[in-house]
Amino acid sequence: MRPEASPYRKAAAMVPLHFRGVPRRSRVLVIAVFCACLWLLLPRGDLGIGKTLAFFLFGPGIAGPYGPEAPKVDILKYIDPLIGTANGGHVFPGASLPYGMAKAVADTRSPAENAAGYVSDENQILGFSHMHDSGTGGNPSLGNFPLFVHPGCPVDDFSKCDFSLHQRGADRVPGSAYASPGYFSINLTNSVRAEMTTTQHAALYKFSFPGTDKVNVTVSQDVLAEVPYSPLILVDLTDLSTSRTRGGTQVYPEHGRVIGDGQYGPSFGGGRYVAFFCADFRGAAIRRTGTFINNKATEEPKFLGQADQNYHIPASSAGSWLQFDKPANNSIFVRVGLSFLSVDQACENAEAEIADFSFERTEEKSRDAWSDKLSAIQVDATGVSEELQTTFWSGLYRTLLSPQNYTGENQLWNSSEPYFDSMSFCKGYTQGGSNADIVIADAFIKNLTDNIDWKTAYEAVVSDAEVEPVSWGTEGRGNLESWHKLGWIPQDDRDNNGTGPSSRTISRGVEYAYDDFCIALMAQGLGHEADFQKYMQRGGNWANYWNPEQRDVYRDPSGEVIQSDFKGFMQPRLLDGTFKHQNVRTCSPIFQTHSCYYDTGFDTYEGSPWLYSFFVPQDMTTLIKLMGGPERFVERLTFFHTSGLSYMGNEQGFLPVFQFHYAGRPALSSFWVHQYIPTLFNASVNGIPGNDDCAMGAFSAFAMMGFFPVAGQSVYLLTPPLFPEVRIRAKEDGKWAVIRVKNFDPPAKAIYIQSAKLNGRRYSRNWIDHTFFLKGGVLEFVVGEKESKWGTKEEDLPPSYPTWEHDPGPGIEDGGYGGGDGDDGRH
């Protein structure tokens with residue numbers, strides 16, 4: 001095809017995109033989820049050691065009624081984005097704004113580890129790409145349109161440079177990677193130094209060279225060669241998981257602009273998305289341009305792409321390249337605009353956000369954005385180690401990396417409403433329940449009401465509870481007919497209403513029950529009394545999985561069969577009501593650890609029946625009774641943490657750290673906080689115990705601030721903060737929620753609350769509700785080295801909602817099983 005016939009002939013050429021209509025209910029659901037997450041993440045860097053206060057989250061410090069405005073301190077220097085870039089943390093350490101769409105970093109050749117692009121290992125750098133997610137499992141995510149830089153080519157022949165993803169690559173200089181909010185840099189052994197920063201929709205790179213006439217490069221393993229200094233930069237259409245189909249690219253030799261697009265798959269879900277880029281270069285004169293497919297580069301054609309609907313370039317490395325004269329200042333700047341709508345939009349984004357190619361100005365604005373975002377939290381760090389401060393602030397920082405803010409880039413429907421996404425407009429696999437119900441209910445319960453149509457939001461959650469989608473593996477819930485009639489998901493269910501993996505019946509079941517409980521709270525708040533009763537009853541369906549006769553049987557290292565003295569666990573059930581057996585330790589760290597995932601056959605997901613037997617946050621009173629009472633419950637929960645059964649690398653493991661509160665032993669929750677921090681949560685590159693998912697940072701931040709939220713309820717479980725004082729900007733203007741330890745103990749021996757006061761008055765509850773964070777106040781603790789009676793009385797325990805008070809059903813007194821909605825429920 002002649003270049004003038006190319007669909008990319010004009011820099012502003014737009015690939016046609018047809019918006020698909022999306023129901024208003026779905027749009028409102030997205031907004032509600034975002035708003036709820038925004039509030040939930042509010043309590044989420046580092047601060048000089050000494051008597052200063054540090055800032056964190058949404059804006060400049062505001063003097064409140066509970067103390068003067070703190071001196072402004074640069075906490076960004078204590079945030080280490082490289083934490084969690086090894087050992088399966090999958091943290092994105094590159095340059096980004098808070099929730100930024102553009103996320104620039106070096107991508108490494110690290111199979112099964114490079115989900116976020118960069119890994120702190122010794123593998124080669126394959127390129128520098130501009131969009132990533134952070135902390136995910138599954139396949140690598142995004143990483144579209146990577147750049148790769150050669151300082152020159154052998155015998156000054158561009159065709160002798162390596163172009164394909166599998167053949168190019170450069171070693172990194174050991175220890176040269178550096179990251180801070182809004183900035184990432186690394187040195188390569190091919191003499192290239194790469195620096196990057198970002199705006200919301202664009203990335204800016206600065207590639208620097210030594211400036212010598214000849215440059216040493218590796219041409220094969222351990223073989224160095226000199227090449228003439230004439231940088232070549234390529235742009236590949238691939239992504240991290242090499243999922244591209246279709247698409248195309250064009251390079252404009254007259255001014256060096258490169259544009260392109262591709263269609264890609266998500267990391268953990270179904271569907272496809274399209275993405276577009278627009279790259280411009282400054283700093284050196286252009287010598288040659290061209291395109292490449294795999295490792296074959298040519299000067300013509302100047303474009304690759306679809307001439308008609310029956311043509312596509314191979315789904316492998318393919319792209320455009322430019323070779324330059326020696327840069328006048330030995331640096332070349334590359335600006336890459338991004339869009340999910342069109343090439344036009346990508347170019348406009350770049351030109352609007354980085355018009356002048358100023359690296360310093362762009363980086364400074366990024367740092368300012370982080371400082372502003374992080375300023376809603378302050379801590380007095382007197383006596384707290386630098387490592388703990390780094391752990392805290394870096395964890396908070398990571399909570400603000402994802403989801404990405406795709407507002408204005410929504411390719412699903414045309415809307416100006418806020419749109420945040422971590423699945424690139426695709427449907428992710430449903431791992432458990434329809435847990436957006438919990439997030440929406442959480443926002444409602446916590447009075448996040450501005451600009452939200454709660455009538456429509458309620459219709460959305462009720463739809464989750466009542467209507468089974470055709471593909472419940474990627475949305476909603478499955479097995480709803482049995483869930484409604486029986487009150488459990490039978491392991492041998494015959495579901496003719498939809499399709500999805502017929503597994504995880506225990507974990508899906510206890511999550512469905514909690515989803516329904518949260519919907520009940522919404523129904524009550526909105527005045528739907530009949531729905532309240534119905535969903536409260538379904539919220540008790542967790543008890544249908546409780547097998548009071550199930551024992552904990554296992555083999556010790558010598559092979560001897562051992563039976564612990566704990567009896568009663570969640571177990572799968574069949575259509576006829578009988579129990580099936582899954583070893584209660586299966587999928588724990590000590591037995592068949594990696595056996596319970598989305599597409600495996602067991603009845604729990606990423607955790608054991610031991611773990612899921614604790615997941616009844618709506619009715620801990622009944623659960624504790626079934627486990628033999630408070631003392632026996634504490635013994636069981638302690639055994640869970642001491643025996644190796646607990647795994648903190650997944651979110652399911654977080655709440656059990658604090659569930660001692662429900663049995664009147666909040667001191668033990670504090671004890672386990674200090675066992676896990678800093679042992680598992682620390683400031684090393686492998687300083688988190690699993691995929692970050694932005695949740696590992698949230699856990700450490702909540703725990704270190706002295707409270708942990710029970711999502712879906714107005715309940716925060718209290719422990720002493722790991723700082724003398726924490727201040728969180730309240731929703732009410734000018735107010736702060738202050739948590740203070742009057743006799744803070746830096747050696748962390750005095751970690752148990754002895755007494756507490758709220759706004760000067762005695763406070764004995766071991767939990768606090770959301771009003772504290774809405775209106776502000778001062779919560780003061782006195783701590784000691786021994787457990788006290790504080791928070792141990794029945795009236796001091798967190799709320800519990802026995803569903804049987806609303807519709808007892810026939811089951812709770814004859815073995816602990818509740819019925820479903822229908823008359824044919826089996827018990």
Side-chain angles (χ1 to χ4, degrees), residues 36 39-44 57 64-67 376-379 438 441-448 518 521 617-618 620-621 654-655 657-670 672-673 698-732 735-742 744 751-783 788-801:
W39 178 253
L40 285 172
L41 292 176
L42 173 64
R44 309 277 205 255
L57 226 64
Y66 305 113
I377 289 180
Q378 305 174 352
V379 300
I438 300 172
D442 193 276
F444 178 79
I445 290 162
K446 292 172 180 173
N447 200 33
L448 213 130
C518 291
L521 297 185
Q618 69 271 41
M620 290 299 297
T621 297
F654 294 170
L655 187 58
V657 175
F658 298 89
Q659 285 181 303
F660 294 100
H661 278 63
Y662 291 93
R665 298 289 299 277
L668 292 181
S669 299
S670 180
W672 283 105
V673 165
F699 171 83
S700 60
F702 281 133
M704 294 179 75
M705 287 190 290
F707 57 90
F708 190 81
V710 181
Q713 301 179 42
S714 184
V715 173
Y716 298 84
L717 307 176
L718 297 173
T719 54
L722 275 64
F723 297 99
E725 182 174 296
V726 176
R727 296 163 56 90
I728 302 158
R729 183 176 294 117
K731 185 177 182 182
E732 191 168 306
K735 301 292 183 66
W736 293 83
V738 180
I739 304 176
R740 180 180 300 146
V741 181
K742 293 186 68 175
F744 181 74
I751 60 172
Y752 306 119
I753 297 173
Q754 307 294 301
S755 64
K757 288 184 178 180
L758 178 60
N759 298 329
R761 301 181 64 180
R762 177 181 171 274
Y763 190 82
S764 60
R765 287 180 176 178
N766 63 30
W767 62 284
I768 200 163
D769 69 22
H770 194 64
T771 306
F772 179 65
F773 299 103
L774 289 176
K775 296 184 177 298
V778 177
L779 180 62
E780 290 184 312
F781 295 132
V782 173
V783 295
S788 74
K789 295 295 184 181
W790 179 85
T792 62
K793 295 180 180 179
E794 185 173 352
E795 61 266 27
D796 298 328
L797 308 186
S800 190
Y801 304 85

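Basis for what follows: all heavy atoms, side chains included, without hydrogens, waters or symmetry-related copies.
In this structure the side chain of Val710 reaches within 4.5 angstrom of the side chain of Leu717, judged on heavy atoms. Residues Pro799 and Val715 form a side-chain contact, since some pair of their non-hydrogen atoms from C-beta on lies under 4.5 Å apart. With a 4.5 Å cut-off on side-chain heavy atoms, Asn766 and Pro798 count as touching. In this structure, Pro724 and Val741 have side chains that are not in contact, with every pair of non-hydrogen atoms separated by 4.5 Å or more. The side-chain heavy atoms of Phe772 and Leu758, taken from C-beta on, include a pair separated by under 4.5 Å. The closest side-chain heavy-atom distance from Met620 to Gln659 is below 4.5 Å. Taking the side chain as every heavy atom from C-beta outward, Val726 and Val379 approach each other to under 4.5 Å. For the pair Ile377 and Arg727, the minimum side-chain heavy-atom distance is 4.5 Å or more.
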Inset, instruction - Please report the C-alpha distance between Phe744 and Glu725 in whole Å, then the side-chain angles of each, then the deciding distance to 0.1 Å, and finally whether the side-chain contact (heavy atoms from CB on, under 4.5 Å) criterion is met. - result: CA-CA 9 Å; Phe744 181 74; Glu725 182 174 296; over 6 Å; no
Inset, instruction - For Val657 and Val673, run side-chain contact (heavy atoms from CB on, under 4.5 Å): C-alpha distance rounded to whole Å, both residues' side-chain angles, the deciding distance at 0.1 Å, then the answer. - result: CA-CA 7 Å; Val657 175; Val673 165; 4.1 Å; yes
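For Ser755, the side-chain contact (heavy atoms from CB on, under 4.5 Å) partners two or more places apart in sequence, or in a different chain, are Val782. In this structure Phe660 satisfies the side-chain contact (heavy atoms from CB on, under 4.5 Å) test together with Val634, Leu637, Thr638, His641, Arg665, Leu668, Ser669, Trp672, sequence neighbours excluded.
Considering CG of Leu448 and NE2 of His770, their distance stands at 7.5 Å, rounded to 0.5 Å. Between Phe654 atom CZ and Ser700 atom OG the span is 8.5 Å, to the nearest 0.5 Å. Between atom NZ of residue Lys735 and atom CG of residue Leu774 there is a gap of 11.5 Å, rounded to the nearest 0.5 Å. If you take CD on Gln618 and CG on Leu521, they are separated by 9.5 Å, rounding to the nearest 0.5 Å.
With hydrogens and angles left out, the side-chain atoms of Thr621 and Ser800 include a donor and acceptor closer than 3.5 Å.
Between Gln754 and Trp790 the shortest heavy-atom distance is O-CB, 3.7 Å. Residue Met705 comes nearest to Pro721 through the heavy atom pair O-CB, 3.4 Å, listed as atom of the first residue, atom of the second, then distance. Contact record, Gly791 with Leu797: O-CD2, 3.8 Å, taken as the closest heavy-atom pair. Contact between Ala703 and Leu722 at its shortest, heavy atoms only, is O-CD1, 4.0 Å. Heavy atoms only, all atoms of each residue included: Phe781 and Ala756 are closest at CD2-CB, 3.6 Å. The two residues Tyr763 and Arg765 have their closest heavy-atom pair at CE2-O, 3.3 Å.
With hydrogens and angles ignored, the 3.5 Å screen pairs no side-chain donor or acceptor of Ser714 with any backbone N or O of Asp769. The backbone N or O of Ala711 lies less than 3.5 Å from no partner atom in the side chain of Asp442, so there is not a single donor-acceptor pair. For the pair Ser788 (side chain) and Ile753 (backbone), a donor-acceptor distance under 3.5 Å is present.
Checked against the 6.0 Å centroid threshold, Tyr716 and Phe773 count as a close aromatic pair. Ring pair Phe702/Phe707: centre-to-centre distance below 6.0 Å.
Ion pairing between a basic and an acidic side chain is recognised when a charged N comes within 4.0 Å of a carboxylate O; Glu780 and Lys757 show no such pairing.
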